Amino acid sequence: SPATVSRVMNGRFVGDPAVADRVRASAAALDYRPSHLARSLALGQTSAVAFVVPDLANPAFQAVLSSLSKTAAHDGYRVLVADSAETPSDEPLLAAEVRRRCDAIVLCAPRMSDAELGTLASDLHPLVLINRVHPGVAAPSLSIDYQSGIVKLAQHLHELGHRRMIYLEGPASSASNAHRVSGLEEFADRAKGVRIDRIPAGAGAEDGRAAAAKVRSSKATAVLAYNDLVAIGLIDGLQELGVSVPDDISVAGFDDIPFARYTSPSLTTASVPHAELGVQAWRRMIALIRHEDPEHDVQFQPRLEIRRSTGPAPA
């Protein structure tokens, strides 16, 4: 009967093993493949989760996605990706739309406001947050201590003798950018003789490159970039203007994307365990899907990676 075939193909048949063998043999002879859509409708699940990210071109987010996808595959789940293209206004609609096509959703570094996230969260569950903490949202979260990470970089530059620095800001809607700004303000208040100016930039390499002329004319001796992409773009722009890194200006990034150590010069940065973020996100997600208690929220501490893009302040 159709019901017997369905139970065998879905792994839910508990009758005579010989009957199940006959069904599987017939399926093989007919080269039968179950319809994923029909199966999803029958079981009430898609065996897929959504991953919503602000910019998939960023290698940091690619690393999280790769790890999440590989870990989810071990439990028979696929990951569908939605990119909001750094447009906060599009995120709520995009997240709601992709959630209807999946069993659950992972929001990675969402740019939407706290109010929007709080209102939308109840319609997205099961939900896991990466790079975002919201006390009003009952969802597991994995975050990075961006404030302490940027302070470690500023302290490193301070120890090299730099007293006038620039911070190339990330997207205004980025919560992690606000944490970086807060950390730098606190550092400047307690470090004697330090001045840290801010220049609006963005999250991509072109944003860093576009800021090169302003950085050169600022008289600063060191730059803290929002992320590695911005730092790499800045270095390229400075070199084109005849500015030597780090002899004239030191540059530090944030994230430690895979090729940060292979740039010329290699990039000093705050290292974030992106692959581990993907693994830990899935461990919490599969617990929610199985109606189990997820593990505790975790905040990772960035590790300072000192490379050749930073050096002593010029005399």
Side-chain angles (χ1 to χ4, degrees), residues 53-67 83 85-86 108-109 111 130-131 143-157 160 162 165-171 174-181 183-184 196 198-212 214-215 220 222-240 243 245-246 249-278 300-311:
V53 65
D55 181 14
L56 196 56
N58 188 327
F61 296 138
Q62 292 176 18
V64 178
L65 171 61
S66 176
S67 177
D83 186 337
E86 290 287 1
C108 184
R111 305 299 197 217
I130 296 179
N131 280 5
S143 58
I144 307 299
D145 190 346
Y146 291 103
Q147 185 163 327
S148 73
I150 201 78
V151 168
K152 289 176 184 176
L153 289 167
Q155 181 65 44
H156 163 65
L157 293 170
L160 289 172
H162 297 278
M165 310 178 198
I166 284 177
Y167 172 55
L168 291 186
E169 296 183 287
S174 168
S176 66
N177 181 69
H179 292 312
R180 290 168 169 85
V181 169
L184 291 176
I196 304 178
R198 287 149 50 186
I199 294 178
E206 287 302 317
D207 297 312
R209 197 172 190 279
K214 288 184 178 179
V215 168
V223 179
L224 297 133
Y226 169 72
N227 64 18
D228 290 348
L229 289 179
V230 174
I232 291 169
L234 173 65
I235 291 173
D236 181 65
L238 289 173
Q239 291 176 338
E240 189 170 286
V243 179
V245 176
I249 298 178
S250 288
V251 176
F254 205 116
D255 280 336
D256 198 18
I257 58 178
F259 51 84
R261 67 184 62 196
Y262 304 117
T263 60
S264 182
S266 56
L267 186 64
T268 293
T269 187
S271 182
V272 175
H274 297 105
E276 186 63 18
L277 280 171
F300 291 90
Q301 296 296 316
R303 182 183 68 243
L304 180 63
E305 288 286 350
I306 300 174
R307 300 193 180 108
R308 294 188 297 109
S309 68
T310 53

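Start at 1 with the first residue, then count along the sequence. Fair warning: this is a prediction, and the values are worked out from it, not measured in the lab.
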- Partner set under side-chain hydrogen bond (donor to acceptor under 3.5 Å, both in side chains) for D55, not counting sequence neighbours: none
- Enclosure of K152 NZ (heavy-atom neighbours >12, cutoff 6.0 Å): yes
- Query: Which distance, rounded to the nearest 0.5 Å, do you find between the CD of Q239 and the CG of L234?
  - Reply: 9.5 Å
- Item | Those residues that, when tested against N177, pass side-chain contact (heavy atoms from CB on, under 4.5 Å) (two or more places apart) | Y167, E169, S174, V181, Y226
- Message: On a heavy-atom basis, which atom in P246 and which in G311 lie closest, and how many Å separate them?
- Response: CB-N, 3.6 Å
- Query: What are the two closest heavy atoms between L184 and A154, and how far apart are they?
  - Reply: CD2-CB, 4.0 Å
- Item | Distance (rounded to the nearest 0.5 Å) between I150 CD1 and L224 CG | 5.0 Å
- Once you round to the nearest 0.5 Å, how far does CG of L153 lie from OG of S250? 11.5 Å
- Task: Check whether any side-chain N or O of D207 sits under 3.5 Å from a backbone N or O of V230 as a donor-acceptor pair, and report yes or no.
- Result: no
Run the side-chain donor-acceptor check on residues 253-261: report pairs under 3.5 Å with partners two or more places apart or on a different chain.
from	atom 1	to	atom 2	distance (Å)
D256	OD1	R307	NH1	3.1
D256	OD1	R307	NH2	3.1
D256	OD2	S271	OG	3.0

- Task: Please check if the side chain of T269 supplies one atom and the backbone of E305 the other of a donor-acceptor pair under 3.5 Å.
- Result: no
- Message: According to side-chain contact (heavy atoms from CB on, under 4.5 Å), who are the partners of A178, at least two apart in sequence or on a separate chain?
- Response: none
- Identify the heavy atoms of A203 and N227 that sit nearest to each other, and give their distance. O-ND2, 3.0 Å
- Task: Working to the nearest 0.5 Å, report the span between CD1 of I196 and NE2 of H162.
- Result: 12.5 Å
- Task: Would you sort out whether L277 and I144 count as a side chain to side chain contact (heavy atoms under 4.5 Å, CB included), showing the intermediate values?
- Result: CA-CA 10 Å; L277 280 171; I144 307 299; 4.1 Å; yes
- Query: Would you say the side-chain atoms of H274 pair up with the backbone N or O of L65, donor to acceptor, closer than 3.5 Å?
  - Reply: no
- Task: Only counting residues at least two apart or in another chain, list the ones meeting side-chain contact (heavy atoms from CB on, under 4.5 Å) with R308.
- Result: P265, S266
- Query: Any idea which heavy atoms bring P302 and G149 closest together, and the distance?
  - Reply: CG-CA, 3.9 Å
- Message: To the nearest 0.5 Å, what is the distance between CG on L304 and NE2 on H156?
- Response: 6.0 Å
- Item | Residues that T268 engages under side-chain hydrogen bond (donor to acceptor under 3.5 Å, both in side chains), provided they are two or more places apart | T310
- Item | Any side-chain heavy-atom pair of L238 and V251 under 4.5 Å | yes
- Message: With heavy-atom distances below 4.5 Å as the criterion, would you say the side chains of P59 and L229 are in contact?
- Response: yes
- Message: Just so I know, are the side chains of F61 and I130 near enough to count as touching, which here means a heavy-atom distance under 4.5 Å?
- Response: no
- Query: Closest heavy-atom contact between V215 and I166?
  - Reply: CA-CD1, 4.3 Å
